[in-house]
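Computation of the quantities below employed the complete heavy-atom set of this structure, encompassing side-chain atoms and omitting hydrogens, waters and symmetry-equivalent molecules.
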Amino acid sequence: MVKVSQPSHTHLGKVEIAPEVITVIASIATAEVKGLQGHFKELKQSNFERVNTKQLSKDVKVYSKDDGIYIDVYCVLEHDVNISKTSQAIQRSIFNSLTTMIAVEPSQINIHITHIA
């Protein structure tokens with residue numbers, strides 16, 4: 001299992017964050033963006049406390065490499081949204097959530113539009 005390490009400068013030790021945690025944060029951040037259909041729209045309408053990790057990890061892939069964290073998000077957009085602006089909103093939402101919650105900046109956040117509904 002690949003783990004993402006965040007060095008600590010204290011005497012307490014180091015903190016390791018599993019990629020699954022990053023996946024969950026990215027999924028929730030994506031679901032908050034307007035203009036999505038399919039899986040992420042369903043997540044937004046549900047109670048996150050009742051959603052399991054498998055559902056949250058659907059359509060989000062996290063890779064840890066030597067040069068950083070890479071995130072691929074596969075989503076369906078509504079037919080009347082600006083694809084570029086919505087994709088950028090997803091990237092900003094994920095970036096802001098990760099930097100706020102775990103102080104990690106991903107190297108890339110790639111948005112894959114799989115369908116327009």
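By the side chain to side chain donor-acceptor pair (under 3.5 Å) test, Asp67 pairs with Tyr70, sequence neighbours left out.
From Ile71, atom CD1 reaches atom CD of Gln91 across 10.0 Å, with rounding to the nearest 0.5 Å. For the atom pair NZ of Lys58 and OH of Tyr74, the computed distance is 14.0 Å after rounding to the nearest 0.5 Å. The CD atom of Gln88 sits 8.0 Å away from atom CG of Asn82, with the distance rounded to the nearest 0.5 Å. One finds the OG atom of Ser84 at 10.0 Å from the CD1 atom of Ile113 (value rounded to the nearest 0.5 Å). Ile109 CD1 to Ser87 OG: the interatomic distance, rounded to the nearest 0.5 Å, is 12.0 Å. Here the CG-CG distance, from Asn110 to Asp72, works out to 5.0 Å after rounding to the nearest 0.5 Å.
In plain terms, the two heavy atoms of Ile94 and Ala26 that are nearest each other are CG1-O, 3.8 Å. Across all their heavy atoms, Val81 and Gly35 have their closest contact at CG1-CA, 3.6 Å. Of all the heavy atoms in Ala117 and Val76, the pair that sits closest is CB-CG1, 3.9 Å.
Screening Ile28, Thr23, Val21, Ile22 for a side-chain contact (heavy atoms from CB on, under 4.5 Å) with Ile25, the sole residue that qualifies is Val21.
With hydrophobic clusters built from ILVMFWY side chains whose heavy atoms lie under 4.5 angstrom apart, Leu98 shares a cluster with Met101.
Side-chain contact between Cys75 and Thr114: absent, with no pair of heavy atoms (C-beta onward) separated by less than 4.5 Å. Taking the side chain as every heavy atom from C-beta outward, Val104 and Thr99 never approach each other to under 4.5 Å. Taking the side chain as every heavy atom from C-beta outward, Ile69 and Ser107 never approach each other to under 4.5 Å. At least one side-chain heavy atom of Thr30 sits under 4.5 Å from a side-chain heavy atom of Leu36.
The closest donor-acceptor contact from the side chain of Ser93 to the backbone of Ala89 lies at 3.5 Å or more, if one exists at all.
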